Every structure is written in C-alpha cells, then in structure tokens.
Participant: 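Please find one structure pasted underneath; my questions will follow.
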Number of protein chains: 2
Amino acid sequence: MNKINILLAEDQTMLLNALATILDLEDNLHVVQSCANGKQAFDYIQSGESERVDIVLTDIEMPDMTGLELAKQLFESKVPCKTIILTTFARSGYLRRAMDSGVKGYLLKDSPSQDLIDAIQKVHQGGTAIAPELMVESWMEKDPLSDKERHALRLAKDGLSTEDIAKKLFLSTGTVRNYLSSASSKLNAKNRIEAARIAHQNGWL
Amino acid sequence: MNKINILLAEDQTMLLNALATILDLEDNLHVVQSCANGKQAFDYIQSGESERVDIVLTDIEMPDMTGLELAKQLFESKVPCKTIILTTFARSGYLRRAMDSGVKGYLLKDSPSQDLIDAIQKVHQGGTAIAPELMVESWMEKDPLSDKERHALRLAKDGLSTEDIAKKLFLSTGTVRNYLSSASSKLNAKNRIEAARIAHQNGWL
DNA sequence: ATACCAAGATGACAAATGTCATCATCTATT
DNA sequence: AATAGATGATGACATTTGTCATCTTGGTAT
C-alpha cells in the first residue's frame, strides 16, 4: 500500500516530535523527515537523495528560513509536493502570502490534531484546507506599508530611537520620522508603537 | 501495575492532543484529563469526582488561569500532586515564581519530547527536573519593578499614550511619567518601549 | 531635452516623552 | 507626638517624536 510521505518543519522540538509520532500512527501516513527550520527542509528535498515527499507540513515563524519562504522556494522550484502551513497566527497577511506561494493548506495550532490528519488526506487528494477562522472575506486587507515603512516599524517595535533606526537603515533621522509618521497614518495609529502592533497583528512585519 | 496519572493543561489544542497521545503510548503513563486552561484543570482536580492525579503538566501563558496561578493554587490547597511547567519561555521571573509555588519541574517546549517523559518519571519518584538552559545562576535577577511600574509598562507596551495609561490607572499623567521613567532607569532602557521589552523578556510583566 | 516621478533630506513647529527636584498626604513605627 | 516611608502630584526643562510643506537629486518615459 502506498503511504503519503510527509516532511515536517517546526522549530519547537516538543511539538515536532509529538506531531511526528501521532502522524506516523496513522496507517496511511509516513513521516520521512523532521526539520527544525525551513532551510533544513529545503536542503533535504533538494538533495535528491531523499525519499519522495508528498506533503510538506511547516510552521511559519522559524529561524534561518520561515515557512513562507520555504513554500515560495518550493513553489518556484516546481518541486512536486504540496505545502500545508501550521501556525499559531490567524494573520491575513500570512495567509495572503501563503496563497501567493501556492500553499494548499493553512491550519492553526489551536485546532484539534484530527483536523490536521483530515487536512493532509484532503490536500493529498488534490483539495485545499483552510482553517475556517481565516475564511472571512473582510479579513483580507492588503498590506498598505512600503518597504521602508515596514523596516522602520520593525525596529521601532523593539524600542529603538529614531536616531538608532536611522543609523541601521542608512537614512537621515528626518526621513525615518517621515516614514514612521506615514505608517502611523496609514494604520490609523496614534504613535509608532501602536502602528507596529497593528502591523504585527496583521502579519505585515 | 500502577500507572502514573497525568493531567494536561495547554491552550494550543494541537500540542495538547499530540502530547496526550504520545504520553499515553508510554506503558506506565496515563493521561486522565486534558484541559485548555488553568481554571479547567483546577476545577477538575478540586471536584473530587476525579481520578487521582499524580502529575499536573501545564503551560504558563493560558487564558482564564495561567499555569503559574494553577501551580500556586494547587500548592496552597495542599493537593497531593506534583506540578511540571512546560513552556516556550526561558524567563528567570517565571522560573522564580514557579519555584516559589512548589513546582517540581520546569521544561522548555524546545527540548525533545523524550526529555518530558524522563522528567515525569523523575518527578514522580520525588526528584526535580529543571531545563539546563535555566540552571545558570546569573540568570536569576530579581524583578526590580514596583507594582505601579509594572502596570504602566504593560500598557505602554501596547502603544498607549501617557494620558491613556493615566486614565486606566486613575493616576495623573505626571505620576505615570514618573513611574515609566523610574522603570526605564531601573532596567537601563532608553525609553518606555525598550523598558517594556526588557521586562517582558525577563518574565516580569 | 523636457517633464515627471520617486526616494530622501530639510526646516519649522506642535505635541509627547524623559528627568528631576520638590511638595502634599497618609500610614506605620518608635 | 515625632519620625520616617510609601504613594502620588506638580512644575520646570530638555529631548524626542509627530506632522507637514518644501527642496534636492537621480532616474525614465515621451
């Protein structure tokens, strides 16, 4: 009988191990590889020496290479496997980027593990599986931020001063303040910190 | 043969299910109950109708009642069970509070699942199990913040203005600025945001 | 070449934040 | 009663941040 071959990418070792165990218990699933980040996963699949991989199941926020980057690389390299995202965050920006990278499933860690098993079967048969929390249309706002605004906000979030941000981005302090100001107004925030929070919640950072 | 009875508290359903499954696979462990937060766990144990619980394995950051609160309640109620914390965060403040609540184990979700199984056995036999990352002495700084400083910082972290914070805490804006200022200086931060970040990283918020 | 547009920079001003010394109350302690 | 602590308020001042209008510069489409 032909099992569905799965590769896991998840930086939380405890969850990685536990998932590998419970998926392997299913009699038509087989975990071929467990990885701690996107890079490891991509290298394994690219190496060619690997077993065939049908489904890549990956977290988003990981060191070295995120799950979204991994999905994009696999998509662009036309690797014949299907990607399912498994993440804590119901952020519209993440889902949008995932869909743009040809992802077939997007599940939340909040859902029961049976949902995951169902989703794997469904995706393998050519379907898609999106967590219901994310199906609401109104969620889908586009990221209004420019690249510079995004970078500046990311640094502001950690408490860096205008001057420190300017140094890191090789810009004048005035320009940095202009970017942060326009970011705040785009997001209807009262200050840079609230702006950073809003952007982060939407998956735009 | 007498199995070790375990109660799980973890708000991430996927991990909760997966852990329950792999622990139950061990032939001397038995998961008697899975809970989504501390309150459910405490109520179950208090109800009396429950099976005996030897080990409570709990996350920290959960809605309704955190794992630290749960540990404290169990400790103070002199319930004859041993608590193990399983969390993402290697924060000295968390560990300190955990130890003060009579916790017997503190593990990170980053460690392999086998560590968890070993820790449960060890704690059940009367030992303790602390993740090695947390054993370093220098980690153990005491929280230098006062209650008011902590509250103000928590709100500042979300981008609230001095005035908004003042309203929420029923204080004058000047007083709020004083608290935030002293918090920043205690933490060697350049501004309220950096102070909030440092406090958060140490588990003081 | 001309006009145009984007990325940055600048300057000016208002508003918010950071810092510090000082003052007013209210409790405990002795 | 006298003293000391803790909590909070106030005022003054420097610094940082937010906002906007206006330049400069280097492409680029016509």
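Convention: sequence-line order gives letters A, B, ...; per-chain numbering from 1. Just so it is clear, the model here is predicted, and its values are computed rather than measured.
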Participant: Base, sugar-phosphate or nothing for B:S161? Non-hydrogen atoms, less than 4.0 Å.
Facilitator: sugar-phosphate
Participant: Just the rounded figure in Å: distance from P of C:dA16 to NZ of A:K190.
Facilitator: 10 Å
Participant: From CD of A:E194 over to P of D:dT17, roughly how many Å is that when rounded to an integer?
Facilitator: 17 Å
Participant: Surrounding CD of A:Q46 (heavy atoms of other residues, nucleotides or ligands, distance under 6.0 Å), is the total greater than 12?
Facilitator: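 Check passes, neighbour count above 12.
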Participant: Using a strict threshold of under 4.0 Å (side-chain N to carboxylate O), is an ion pair present between B:R150 and B:D147?
Facilitator: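 Judged by the 4.0 Å cut-off on N to carboxylate O distance, B:D147 and B:R150 do form a salt bridge.
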Participant: To the nearest Å, how far apart are A:R177 CZ and C:dA14 P?
Facilitator: 14 Å
Participant: Please report, rounded to the nearest Å, how far the P atom of D:dG18 is from the CD atom of A:E149.
Facilitator: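 In whole Å, D:dG18 P lies 14 Å from A:E149 CD.
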Participant: For A:R192 and D:dG18, is the shortest distance between a side-chain N/O and OP1 or OP2 below 4.0 Å?
Facilitator: yes
Participant: Between A:E149 and A:K186, is there a salt bridge with N-O shorter than 4.0 Å?
Facilitator: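 Yes, this pair counts.
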Participant: Just the table, please: protein N/O against nucleotides 4-8 of chain C N/O, every pair under 3.5 Å.
Facilitator:
| from | atom 1 | to | atom 2 | distance (Å) |
| --- | --- | --- | --- | --- |
| C:dG8 | OP1 | A:K148 | NZ | 2.3 |
| C:dG8 | OP2 | A:K148 | NZ | 2.5 |
| C:dG8 | OP2 | A:Y179 | OH | 2.6 |

Participant: Considering only residues two or more places apart or on different chains, which pairs with a residue in residues 9-19 of chain A satisfy side-chain hydrogen bond (donor to acceptor under 3.5 Å, both in side chains)?
Facilitator: A:E10-A:K109, A:N17-B:S113
Participant: Separation of B:L155 atom CG from C:dT17 atom P, in whole Å?
Facilitator: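 Rounding to the nearest Å, CG of B:L155 and P of C:dT17 are 13 Å apart.
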Participant: Please report the distance, rounded to the nearest Å, between CD1 in A:I193 and C1' in D:dG18.
Facilitator: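 In whole Å, D:dG18 C1' and A:I193 CD1 are 13 Å from each other.
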Participant: So does A:D54 pair up with A:K3, basic N to acidic O under 4.0 Å?
Facilitator: no
Participant: For B:I165 and D:dG8, what is the distance between atoms CD1 and P respectively, to the nearest whole Å?
Facilitator: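 So the two atoms are 15 Å apart, to the nearest Å.
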Participant: Are OP1 or OP2 of D:dT16 and a side-chain N or O of A:T162 less than 4.0 angstrom apart?
Facilitator: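 The answer is no; no side-chain N or O of A:T162 sits under 4.0 Å from OP1 or OP2.
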Participant: Any ion pair linking A:E61 and A:R91 (charged N to carboxylate O, less than 4.0 Å)?
Facilitator: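 Salt bridge: yes.
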Participant: For B:S185, which contact category applies under a 4.0 Å heavy-atom criterion: base, sugar-phosphate, or nothing?
Facilitator: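 Touches nothing.
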Participant: Can you sort out the partners of A:N188 under side chain to side chain donor-acceptor pair (under 3.5 Å), two or more places apart, ordered by chain and number?
Facilitator: none
Participant: Would the base of D:dT10 count as contacting B:N178 through its side chain, where contact means a donor and an acceptor less than 3.5 Å apart?
Facilitator: yes
Participant: Starting at CD of A:E163 and ending at P of C:dT17, how long is that distance when rounded to a whole Å?
Facilitator: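 Atom CD in A:E163 sits about 20 Å away from atom P in C:dT17.
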